[in-house]
Amino acid sequence: MFIEIRELELHPVDFAEEFSPGVIDFGPDIQQRTPLESHGRAQLVEEHHGKRHSIKDIRLQGAFSTSFELSCARCLESVPYNVARDFDLLYRPRGTDAGKEEISVTGAEAEIGYYQGAGLLLEDALREQVLLALPLKTICREDCKGLCPLCGRNLNLEQCSCAESVEDPRWSALRQIREKLEP
Ligand SMILES: [Zn+2]
Ligand SMILES: [Zn+2]
């Protein structure tokens, strides 16, 4: 859904949108499991700089919820993950803060983003919010044993004997060959 400045100049725009898995691209590692529901309101906020100059910002307030399947950082099994967040964001025209030290962006203020041209694509704003809401690393459970670094077995499901046989027979065979070659 494209939120147009031209329309916001007339009235605020309310939205209630649902995005099926695949509509918004979250990258190859993140699988969306259920539709992403979002609702909220976009409105124009005019910043006046002097008498003549004004900047048209878009304030985007709302909420979203959806669920994902992430992979466990240790054993690579998929882990269900639900997200639901409120947001209150301000989008300024791209280039507004160019050259400045982005003084206005401090932790205390609303989160600030930038839009380009005629408006803002809601999907882009949601993608960004979702990615911010997802953890960098997920584990399936606190005591996940992960994969064996030698044979790759999932140690939550089965045991392997790699830790017991301290030396892989293939390596000892190689060493014997090397010992013969070395003078
Ligand atoms: Zn795991
Ligand atoms: Zn193993």
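Just so you know, ligand 1 is whichever comes first in the structure, and atom 1 is the first atom listed for that ligand. In this chain, numbering begins with 1 at the start of the sequence shown.
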J.: Would you sort out whether Ile139 and Val79 count as a side-chain contact (heavy atoms from CB on, under 4.5 Å), showing the intermediate values?
T.: CA-CA 7 Å; Ile139 47 173; Val79 187; over 6 Å; no
J.: Among Val83, Asn82, Leu36, find the residue that satisfies the side-chain contact (heavy atoms from CB on, under 4.5 Å) test when tested with Ser67.
T.: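 Among the candidates, only Asn82 passes.
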J.: With sequence neighbours left out, write down each residue that passes side chain to side chain donor-acceptor pair (under 3.5 Å) with Ser78, or none if nothing qualifies.
T.: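 None.
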J.: To the nearest 0.5 Å, how far apart are CD in Gln129 and CG in Leu60?
T.: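 It comes to 8.5 Å.
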J.: Got a list of side-chain donor-acceptor pairs under 3.5 Å for residues 16-26, not counting sequence neighbours?
T.:
unit_1	atom_1	unit_2	atom_2	d
Asp25	OD1	Gly27	N	2.9

J.: Can you list, by chain and residue number, the protein N, O or S atoms under 2.8 Å from the Zn ion (ligand 2)?
T.: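 Within the sphere that stays under 2.8 Å of the Zn ion (ligand 2), the protein atoms of type N, O or S are Cys148 SG, Cys151 SG, Cys160 SG, Cys162 SG.
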J.: For residues Phe2 and Leu126: do they belong to one hydrophobic cluster (side chain heavy atoms under 4.5 Å, members Ile, Leu, Val, Met, Phe, Trp, Tyr)?
T.: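 In one cluster with Phe2: Leu126, no.
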J.: Same hydrophobic cluster for Leu131 and Tyr91, using side-chain heavy-atom links shorter than 4.5 Å among ILVMFWY?
T.: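 Yes: a chain of side-chain contacts under 4.5 Å links Leu131 to Tyr91.
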J.: Measure the spacing between CG of Leu120 and CE of Met1 and express it to the nearest 0.5 Å.
T.: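 Answer rounded to 0.5 Å: 10.0 Å.
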J.: By residue and atom, what protein N/O/S atoms are less than 2.8 Å from the Zn ion (ligand 1)?
T.: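 Atoms qualifying: Cys72 SG, Cys75 SG, Cys140 SG, Cys144 SG.
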J.: Minimum heavy-atom separation for Ser71 to Leu76, with atom names?
T.: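 Shortest heavy-atom contact: CB-O, 3.6 Å.
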